[in-house]
Every structure is written in structure tokens, then in C-alpha cells.
Amino acid sequence: MSTPYQPEIVEKAAQEHWADVRSFEVSEDPDKEKFYCLTMFPYPSGKLHMGHVRVFTISDVIARYQRMQGKHVLQPMGWDAFGMPAENAAIQRGIPPAQWTYKNIDDMRGQLKRLGYAYDWTREVTTCRPEYYRWEQWLFTRMFKKGLVYRKNAVVNWDPVDQTVLANEQVIDGRGWRSDALVERREIPQWFMKITAYADELLSELDAMPGWPESVKTMQRNWIGRSEGVELSFDVAGEGEPLTVYTTRPDTLMGVTYMAVAAEHPLAARAARDNPRIADFIKECTTTDAAEATLETMEKKGMALGISAIHPLTGEEVPLWVANFVLMSYGTGAVMAVPGHDERDWEFARKHAIPIKQVIAPADGTTIDIDEAVFTDKGVLVNSGEFDGLSSDEAFNAIADRFEQTGRGGRTVNYRLRDWGVSRQRYWGAPIPIIYCDDCDAVPVPEDQLPVVLPENVEFTGVGSPLRDMPAFFEVACPRCGKPARRETDTFDTFVESSWYFARYACPDNSDSMLDERARYWTPVDQYTGGVEHAILHLLYSRFFQRVMRDEGLTDVSEPFTNLLTQGMVLKDGAKMSKAKGNTVDPQELIGKYGADTVRLFMMFAAPPEQALEWSDDGVQGSYRFLKRFWNAVVEHADRGPVQPLDPDRLDESQQELRRKTHLTIAKISDDIGRRSSFNTAVAAAMELLNAINKFDDDSAAGRAVKHEALESVVLMLSPIVPHICHALWHELGHRTPLIDQRWPDTDAAALAVDMIEMVVQVNGKLRARVSVPADADNDTVQQLAIADDNVKRFVDGKDIRKVIVVPGRLVNIVV
RNA sequence: GCCGGGAUGGCGGAACUGGUAGACGCGCCGGAUUCAAAAUCCGGUUUCCGAAAGGAAGUGGGGGUUCGAUUCCCCCUCCCGGCACCA
């Protein structure tokens, strides 16, 4: 009786072997082709969840596959350890955020090890450690000196009851999640990084990134939102300062019938001084959260200010409105409104009985009724005086020229992208290295005083940051003049840590500089894998930081991630697994029941990596069943003793057939994993081959040799996905050297050759027969064979053959 | 609201460049084994008509291009991700 499959024993043995010989620890070797395989590092939230298991397994399969291709593979792991959940846990359980975080990291590291991932644990990075975040503090001070960071007022969600700033996530239906108070938009001074200085480069380089999904590049392009337009100024009656607006459609300028400013705009404030209704309206506008989705979906409201702007071309007066959909943080906080040719302006004008003027007519000469429907396409100018008859594009230039000549505006390039606000009014983050001095203003902390260490043993109440109650932290001397000064108590956005960790894995132990020569060897990341929810922010900030580091002379690399794979979520009952929904499945439990390999196999088999994966308990059992069949097939074969060497020239037909299947499968799986990242079909192909092996009943010496080759191939090809069972089965097949050091199998082209192929015959596009034809038959022969088929005759006889299409090797379509 | 993605048997999915729709797995049905059950093994399984051979329909809905469309184009519905302080 053979040994049954016992995952716990098999997996322990494999993991001990990898640990003993330090299989995954790598150092720089310029003679070898490197492959840097990285997963978006996890937030240490407590325990591993299925989403983690999925993304880490995908990455591990790629890393192990590349290693078998002979690459020198680095796969590190670390912790995105700052963030709000630690503060929440601290409030709920009275544990300091640091203590909670370190405990979670220890738990999750243990779970990762049990899953057998090929990580170089000597490079582990934890972002809440001063030895990590000191370098982003250092880079911030460098950026300060270059003018790449600056301070300005910016909007936050203010909870008037708890007297705290809330994250967008903490605002539920416009109310604070704990206080239930209506949230207000409030402006406070915050630090910004000038990502817009890199907008052009971040945009144009996307064209040279074939390794990224088109969808992600499109999202980034749209997010950066480069537009070419015209900036023009309107005089305001009774005001010295003109009102400047930006438009991409200066051709519609003659159709302006009103203008709108943001609630926070000085002109709105002026009008509110002697009009309490306007003051109330402005108050109402700021009683909302700051999320763009909220502002874009709420009812469009506005109020006339009783102030007029002067149309810069006609001199006519147009009324000025304050509107809740105009944002102070976008552009100038003011827009010109052309209701005839802009959807939102049209609806607003209809609602408030503002005149709608048609100034663009369709280019094809059709007439339209502008009071019935808005017309947003480009066309030909009408009702526009001297510009009548020009096309929209001609008018764009004519009007832009006019403003440039009069000095009242001109062509500008505008970006939707805004500078990155990095200040957070929270405790559990990296301190922003700034000291405020009454005389010297904001002074960056000098390099020799870094890091600014976050005190870890704190009393955490949840109302405001504890740093504000710690004079020992914030009472400092001004680094420039030595007078008493105050340290910044805001911390960095946690996206700052995740914007450069990938580079730090190359040299996590360097205490003298942010990066060193080792980073030049390992970066850029060859394969980056993570959730599609990071398609814009994290990936764009990382691309920005990489360039800042480049311009600081730390690296020559501009793009941090050469190839990107965005994996889908893990769902159960059609919804994302989450504690709140109570539909989570604990990976630990499943590993205990079936072993890590079964969980890994199911994750890779159940869905393509980019798509959402629907959890299925039955599916996991199916994966377990497959591994048992796999185990038994190899063990039973091995139990029959050693095999003779394979002689490919002396095989009978069924032996040739199995050998052909083996090499077809090698070609298929190599392509699926290596080129397509299509792991689910790779597993399916391996299952098919194993089914063929199990049906192959031939105990002759040649038969056993063919079977041996087939089983070895399956073991090698499944090893990136289920490395533990394959490690054991490789030994079972008689090998002394461990599987982890084996190369990927090669396809033998000679084994793929066939004499006859099956072709499909269609009549008028409908499948009518299958015919067997010689592989080298020409089109005429194929056509004759197809028409000779009895069932084909039934549909062709008595009709005229109009056309015959032969797709070589595939099908014949007879059109009658 | 805006940007990106998705929809295929009872279920997860396959069909890669416009060329056999439903690979592989789950579930279910039937059989073998068993005192019995579990486990395992063998066979079947899109729907409808038919004993079968075979035929008809069929990839979210509507239209179009093509000898041929799950695949390309237009319109629509629903679902998911992101929207700058969740990570």
C-alpha cells in the first residue's frame, strides 16, 4: 500500500528544506539576469484574509516560474504599517497603536510562512520603524529645499462635535461616524508635494509602458487630465480684481449667460456681507463632506449674487452666481457658464430660468432647438458676431489670439491632477519633519536631527492626535535661530510610505542613505502585482516618488514597475469578503484542513487573476481531490520501480499520443504562465494531462518511460503553484537534487508532429461535419474531402456553391 | 455625476489574432465497490424536438458589419472598482 497524501507532513518537509538551504535569500550578482517580483505589501490588519492569499500566490507563482527560467529572482515582503485601523483598535481596546501593529505583523508573518511563499525574509521592511521612515523625512526636506513641497490651505472634513478631522471613509451620509454630527468642509493649512511639476512626464511616459494594462494607463491619463484651453479674465462691476476662468471651449464664449463661483470664493463672501440669504446658502454649501463623488452627485444648487461680470468681448453684463458644484480647489474657483453647449450649465440654466443662447450650430447644417436639448459637439459658430461662420477649432484660435493680443488671457495647458496633500491630523503616521518658528517660519528639520521619531507609548483617546498633548515632542528649538519653536504635529499620508518601499527592499539595512548601489541592481520591479483599486493613487504616487528619487541622484530609473498585474477581489455570495458583511473565510482554517497547496491551487484555478474570484467551499474540495489523484498517480508509478530511458523513435501509436499530449501541454502551460498570466487555464491543462496519464494503461518499458516523462512534466509545471507536493513527488520520481533548483521543461517539437488533422466543415456558417485530412493537404484537396462528406452533401446538393472559404488547419465554409 | 472594468450551462470559468461555444473543475444524475456510509473509480450532463441519426435555438437587451461575431461598431440595462483623508 502506498503512502497517502498527507499535506501537513509534505509541506513541513519542503519548507524546512527551503529554510535550511536559504533557497530564497538573494544577493546582487551582475552575471545573472535579475527578476524583481513584488506584491503590494499588506497593511497588518490582524490576520491574513483570502484577498492576501490570492495576490501573494499569484506573485509567488510568477517568482517561482521565473526562477525555473534561470532568472535571479528577488521576492521580498514587508508591512505597510501606519494607518487608521491601528488608531481605531487603540480606541476600542486601549492598546497603543504600535503594540497592536507589531503583534499583527508577527501573526501575519507566521501565516505567510505557513503558505510557503518564496520570500527573502532577510529584507523585510516595516514602515512604522524610524529606520524606514527617516528616509522619507529626509527626502521631504530635500524636496523642501527644491521647492517641491509647499504649504497652503486645503479642505478637510470637520466633525464639529468631536472637534476632529475625519477621513472621507469616516463620513457616513454627510455625518461623522462616531458623533453623527453633520460634517463641515473646513480649510486648514497643509503640506503639499508638487506632483503637478511631473504631470507631463507622468502622462507621456505611459505611452512607453507596454507592460501595464491599457485600462490602468487610461485611468491614469484621465486622472492627470491634460487639456489645452484658454484662460480669460472677466471684469467684475465694482471690483478692481478681474475674475479669471479657464475653458477648453473658448469657441462658445459668446454663449456665456452667467458665471459661477465657489462658496469659498471672496466674491461670494462679499455678497454675503449684506445678504443673509446668501450667507445662509454659503453655510449650507460647506455643510457637506469633501469627497468629489458627493459633490458631483448632489443636487446642483446656486444663488444669484447680485454682482455682474462684464463680458470681455461684448461688454454685456452677465450675472454672477454662487454654486455648490464649483470647487475652490479646482482651478480658480470660478467658471464661465455656457448653457447652450454644456450639459451641467444647461440643466442649471433651465432650473433657474437663465437665458440659453445658441452659439454653435451642427457642422452638417442640421437645425437644433437649444431650449429642447443641449448641443455639446463642436460645430460652426452662430450668433457670435465677427466670429460667425468659423468652425469651433478656428474660433478657438481666433479668440485665443484676441485675448493674447489684449493681454487679458491666452492659451494654457491645464491639468485635472492636483498637488498631493500629505498632511494628516493623525497620530499613527510618520512625523512631518518641520519646525515652526515665529521668526524663521517653517524650517525643515536638519539632516543630522533625523529621524523625527514618533513616540510609541502614548495614551490614545481618539479625539485629536496625542502628539498635540506632548510638549516633550513638540517643544523644540528652532534649528535656524535657536529660539523656542514648535514642531509640526501632523503626520504623513500613509501613501508616502508605500510610494518608495519597493526601492528600499534592495537595501533595507542601509543606515547611511535612502538607497545605494544595490537598488541600481534590483530596480525597477520587473513584475508588480496588486489590487486594481490601486490603479490610480498608489501607482501614480509611486511613479512620482521614483522620479523625485531619480532627480535626487539616488537612481537612474524613472518608472518603478515594468510589468503590472492587477488582480481582482475575492468574493463570497457575490460580495467582497469583509468582517462587516460577515462573509469571510479564514485561510488558516482551510490550511489546517487541506494544506497550503490546496488553498494555493484553488486560488489559481478558480478564476483568471484579473477577475473577481467567487469563493466556493466545494471548489476547494475539488482542488484537494485533484492533489490526491496527482499524488496517487506519481506514487503508484514510482512504486513499480525504475524506468528505462525513453527512446522517442520506438513508440507505438498510443505512446506517441501521450507523448504528444505531454509536449503540447508543456507548450500550453509555458505560454499560459510565461506570457499570458493565465494561471487558471494552466491548471486546467495540467489536469487534462493527468487525466490522460491515468487513462494510459501500458506497463511496457516504453510505456512506463513515456508515462514517467509525462508525470515529471506535470510535477515541474505545477511546482510554482503547489510547490510542496511537487517537492515531495520529485523525490518520489527518483531524483536526488531538489525540485527548487530544476529548470522549466522544454517542448520537443518532434513530439508534436501529426499525420492527420481534423477539420470542421460548415455550410453557410453552420457546422455540418468534421473531416479527417492529411496535415499537409492543400486547399483543393481539403475542399474535395469536405464536399464528399455525406452530411455536407445533404445541405449542398441541388444548390449553387457560391464561394468556399478554407481556413488552413481549421475549417471549410461552403456558401450556397 | 465622471473615469475604468464586467455580464457565457444549475455554479466557477474556457474559447489567446473574427473561424468547432461550453475546455477544466464544481454540482447533479446513473453505475461499480461496501453490511452500510464516507472515500474512491467508471459513465452521462446547455436547452428544446427526436429511440437514434440528426435538427433547431443559444454567450445581459436592441441594432449593425461579415461567408462566419462570445470576439468588431452603435445604443441601452444591470453589477463591480476608483474619485484625491480607507489601504
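Here is how names work: the chains are called A, B, and so on, in the same order as the sequence lines, proteins then strands, and each is numbered from 1. Computed from heavy atoms alone, side chains included, the values below leave out hydrogens, waters and symmetry copies.
- Counting any heavy atom pair closer than 4.0 Å across all strands shown, A/Gln611 reaches sugar-phosphate atoms only and no base atom.
- Within the shown strands, nothing qualifies as a pairing partner of B/U33 under the Watson-Crick or G-U definition with both distances less than 3.5 Å.
- Regarding contacts with the backbone of B/A15, a side-chain N or O of A/Arg676 is found under 4.0 angstrom from either OP1 or OP2.
- Closest contact between the side chain of A/Ile805 and the listed nucleotides B/G54, B/C67, B/C26 involves B/C67.
- Between A/His538 and A/His534, the angle of the ring planes goes over 60°, which puts this pair in the perpendicular group of the 30/60° scheme.
- In this structure, A/Asn222 reaches the B/G4 phosphate: one of its side-chain N or O atoms is under 4.0 Å from OP1 or OP2.
- For A/Phe605, the side-chain atoms get nearest to B/G12 when compared with the rest of B/A57, B/G12, B/G4.
- Looking at heavy-atom distances under 4.0 Å, A/Met298 makes no contact with the nucleic acid at all.
- Relative to the side chain of A/Thr297, the nucleotides B/G1, B/C3, B/G55 differ in distance, and B/G1 lies closest.
- Side-chain atoms of A/Met84 lie closest to B/A87 of the nucleotides B/U20, B/C83, B/A87.
- Comparing B/A84, B/C80, B/G25 against the side chain of A/Arg418 picks out B/A84 as the nearest.
- Here the rule is side chain to side chain contact (heavy atoms under 4.5 Å, CB included) with A/Val422, and of A/Phe192, A/Phe492, A/Tyr541 only A/Phe492 fits it.
- In this structure, A/Ile224 and A/Leu540 have side chains that are in contact, with non-hydrogen atoms separated by less than 4.5 Å.
- For the P atoms, the distance linking B/C86 with B/C76 amounts to 32 Å, nearest Å.
- The same atom, C1', is picked in B/G19 and in B/A15; the two are 11 Å apart, to the nearest Å.
- On a pure distance criterion of 3.5 Å, a polar donor-acceptor pair joins the side chain of A/Arg426 and the base of B/C85.
- Close to B/U40, at under 4.0 Å from its OP1 or OP2, lies no side-chain N or O of A/Asn632.
- Nearest nucleotide to the side chain of A/Asp493, out of B/G82, B/A57, B/C85: B/C85.
- With a cut-off of 3.5 Å on both Watson-Crick or G-U wobble distances, the partner of B/A53 is given as none.
- In the set B/A39, B/C24, B/A87, the nucleotide with an atom closest to the side chain of A/Met687 is B/C24.
- Counting non-hydrogen atoms under 4.0 angstrom, A/Glu299 reaches nothing in the nucleic acid.
- Among A/Phe502, A/Tyr501, A/Tyr132, A/Phe56, the one residue that satisfies the ring-ring contact (aromatic ring centres under 6.0 Å, His included) test with A/Phe41 is A/Tyr501.
- Heavy atoms of A/Phe492 sit nowhere under 4.0 angstrom from any nucleic acid atom.
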Please assess A/Phe348 against A/Phe325 for the test ring-ring contact (aromatic ring centres under 6.0 Å, His included), listing each intermediate value before the final yes or no. CA-CA 10 Å; A/Phe348 192 80; A/Phe325 56 82; 5.3 Å; yes
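- Distance noted for atom P between B/U65 and B/C29: 47 Å (whole Å).
- Base pairing of B/G22: no nucleotide in any strand meets the Watson-Crick or G-U wobble criterion (both distances under 3.5 Å).
- Straight-line distance between the C1' atoms of B/A53 and B/G9: roughly 25 Å, to the nearest whole Å.
- For A/Glu343 against B/C2, no side-chain N or O and base N or O form a donor-acceptor pair under 3.5 Å.
- Distances shown here put every side-chain N or O of A/Lys217 at or beyond 4.0 Å from the OP1 or OP2 atom of B/C3.
- For the P atoms, the distance from B/G22 to B/G10 is 15 Å, rounded to whole Å.
- Ion pairing of A/Asp797 with A/Lys793 is absent here, as no side-chain N (NZ or NE/NH1/NH2) approaches a carboxylate O to less than 4.0 Å.
- Relative to the side chain of A/Ala606, the nucleotides B/C24, B/C67, B/G12 differ in distance, and B/G12 lies closest.
- Closest heavy-atom contact between A/Tyr528 and A/Thr39: CE1-C, 4.0 Å.
- Using the Watson-Crick or G-U wobble rule with both distances under 3.5 Å, B/G1 pairs with B/C83.
- For the P atoms, the distance from B/U70 to B/U77 is 23 Å, rounded to whole Å.
- Closest approach to the A/Met219 side chain among B/G4, B/A14, B/C26 is made by B/G4 (side chain taken as heavy atoms from C-beta onward).
- Within 3.5 Å, a donor on the side chain of A/Gln425 pairs with an acceptor on the base of B/C85, or the reverse.
- Taking atom C1' on both nucleotides, B/G44 is separated from B/C26 by 16 Å, rounded to a whole Å.
- Listed pair A/Asn680 / B/A23 fails the phosphate criterion, with no side-chain N or O lying under 4.0 Å from OP1 or OP2.
- The gap from the P atom of B/C28 to that of B/A37 amounts to 16 Å, rounded to the nearest Å.
- Comparing atom distances between the A/Phe495 side chain and each of B/A87, B/C67, B/A15 picks out B/A87 as nearest.
- A side chain to side chain contact (heavy atoms under 4.5 Å, CB included) with A/Leu166 is found for one member of A/Ile172, A/Val171, A/Asp289 and no other, namely A/Val171.
- The base-pairing partner of B/G60, taking Watson-Crick or G-U wobble contacts with both distances under 3.5 Å, is B/C76.
- Taking 3.5 Å as the limit, the base of B/C67 and the side chain of A/Asn813 contain a donor-acceptor pair of atoms between them.
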